[in-house]
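One structure below.
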Amino acid sequence: MSKILIVAEHQGGKLNAATAKCVHCASQISGAEIHIAVFASDPAAVAADAARLAGVSKVITVANPQHANPMAACIAPQLAELAQGYSHVFGPSTTFGKDLMPRVAALLDAPQASDIMAVESATRFRRPIYAGNAIITVEVTPGTQLVATVRTASFDAAQTSTSAAAIEGASPSATLPQHTRFVSVSAARSDRPDLQTAKKVVSGGRALASADNFKILYQLADRMGAAVGASRAAVDAGYAPNDMQVGQTGKIIAPELYMAFGISGAIQHLTGIKDARTIVAINKDPEAPIFEVADYGLVGDLFHVVPELEKLIASNG
Ligand SMILES: Cc1cc2nc3c(=O)[nH]c(=O)nc-3n(C[C@H](O)[C@H](O)[C@H](O)COP(=O)(O)OP(=O)(O)OC[C@H]3O[C@@H](n4cnc5c(N)ncnc54)[C@H](O)[C@@H]3O)c2cc1C
C-alpha cells in the first residue's frame, strides 16, 4: 500500500491552498495513506487546518524556532528523516516546494518526478515537458521511494472534512545546517487578490508600453476584483514587477477567467495559463497565436478596449 508524506506549505499561521491540492493529487493513488508534515515555530493552527483535509489520516508537527521562517536547507534534513518508511514524499510545485523537494530527493537518494499533473497509478504519473508543449508519462520502478512536486494548477483543493485526523509531534534528530540562516524577507504587498489563487486575472504584455500605462489594467482589475499578471516581455521592460510574471519562468496559474491584453501568446506564456478555465484575448493582430487558445477573442486596440470594458462594468454595477 502507498504511504504518502506531504510537506505543508503555510504562511502567517495559515495553511496554503497548495497543500490541499497536493492532498487531492495523493488521494488519486488508490488506497493511499496520507500524512502531512508541518514544520513551524508554532505549528498548532496550521496542523489543525491540515488535519481537517479530507483523506488525511495523520498530521506530524515539527516545532522548532528555526522554522519560524521556513528555509529549504533547514527543513530538508528533517523531512528526509521523517520520510523513512513512506513510499512517496510530495510537495507543491511552488517556489517553496521547488526549493525543498530536490534537496529531500538528494538526501534520500531517491528519484524525483517534477510537476505532476495527473496520476495514473502509484508508480505512473504525467507531467509537462518542453514548456508544456508535450506531456510525458513517467514511471518509477515499483518499490522505489519517490519524491515529487505537484503542479497545483492541475488539481482542485481537497475538501475539508468534519472529522479531524490525529496530530502528533515529532522531534527529528537530523542536525540543521549552520551555513544557511534567515536574514530577512522582502515580499510585495498588494490589496489585490493573490495572483496564484485568484479566480480572475487581468494580464498585460509588451503592448502596454510603459509602467504608467499598466495603471489602466490595475483599474480594470480593481473593478472586477481580479489579480494582475504580466508577460515576461512586460516584466523585462520594467512595465510590471517580477512577481507578476505569468508563464514558464513565472507563475503557473489556473483562474476561472484569464484576460490577456496585448500578449502575443508565446508558448512560454501559454504554459502558465494552460489550466485557466476561460481565456479572453484582446490583441490588435488577428494572427496573434493567443487566439488559437482563447475561448473568446477580440481584435482591437487595448487602449480603446480597456476603457470601454471598464465603462460597461461600471454601468452594470
Ligand atoms: C526560456 C524562456 C522562458 C520564458 N518564460 C516566459 C514566461 O514565463 N512568461 C512569458 O510571458 N514569457 C516568457 N518567455 C518569453 C516569451 O517567449 C515571449 O517573448 C513573451 O511572452 C512575449 O511577451 P508579449 O506577448 O508581451 O510580447 P510580444 O510577443 O511582443 O507581443 C505583444 C503583442 O501585443 C500586441 N499589440 C501591440 N499593440 C497592441 C495594442 N495597442 N492593443 C492590442 N494588442 C497590441 C501585438 O500584436 C503582439 O501580439 C520566455 C522565453 C524563454 C526563451
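Each ligand, and each atom within it, is numbered from 1 in the order the structure gives. This is a predicted model, so every value here is computed, not measured.
The pair Lys14-Asp49 fails the salt-bridge criterion, with no side-chain N (NZ, NE, NH1 or NH2) lying under 4.0 Å from an Asp/Glu carboxylate O. Taking a cutoff of 4.0 Å between a charged side-chain nitrogen and a carboxylate oxygen, Asp275 and Arg151 qualify as a salt bridge.
Between Gly262 and ligand 1, an N or O atom pair is found at a separation short of 3.5 Å. Ligand 1 has an N or O atom lying under 3.5 Å from an N or O atom of Leu302, backbone or side chain. Backbone and side-chain nitrogen or oxygen atoms of Val246 are examined, and one is located within less than 3.5 angstrom of a nitrogen or oxygen of ligand 1.
For ligand 1, the atoms sitting less than 4.0 Å from at least one non-hydrogen atom of Phe303 are 41 (N), numbered in the order shown with element in parentheses. Remark: ligand 1 atoms within the under-4.0 Å shell around heavy atoms of Gly300 are 42 (N), 43 (C). Residue contact check: Asp301 has heavy atoms under 4.0 Å from atoms 40 (C), 41 (N), 42 (N) of ligand 1. Taking every non-hydrogen atom of Gln248 and a distance limit under 4.0 Å, the qualifying atoms of ligand 1 come out as 3 (C), 7 (C), 8 (O). In summary, the atoms of ligand 1 found under 4.0 Å from a heavy atom of Ala207, numbered by their order in the structure, are 34 (O), 36 (N), 37 (C), 38 (N), 39 (C), 45 (C). Close contacts of ligand 1 with Ile263, meaning ligand atoms under 4.0 Å from a residue heavy atom, involve 25 (O).
Counting heavy atoms only, Gln245 comes closest to atom 7 (C) of ligand 1 of the residues Gln245, His269, Arg206. When Ala237, Ser231, Ser203 are ranked by how near their heavy atoms come to atom 24 (P) of ligand 1, first place goes to Ser231.
There is no protein heavy atom less than 4.0 angstrom from atom 19 (O) of ligand 1.
Residue-level proximity to ligand 1 for Phe261 is absent, since no heavy atom of it falls below 4.0 angstrom.
With no hydrogens or angles considered, a side-chain donor-acceptor pair links Ser93 and Asp115 at under 3.5 Å. Donor-acceptor pairing under 3.5 Å is recorded for the side chains of Gln78 and His67. Between the side chains of Glu33 and Ser2, no donor-acceptor pair of N or O atoms lies under 3.5 Å. Between the side chains of Thr94 and Glu9, at least one donor N or O sits under 3.5 Å from an acceptor N or O. Between the side chains of Ser203 and Tyr258, a donor-acceptor pair is found at a separation under 3.5 Å.
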Check step by step if side chain to side chain contact (heavy atoms under 4.5 Å, CB included) holds for Arg127 and Ile116. CA-CA 5 Å; Arg127 58 175 295 260; Ile116 290 179; 5.6 Å; no

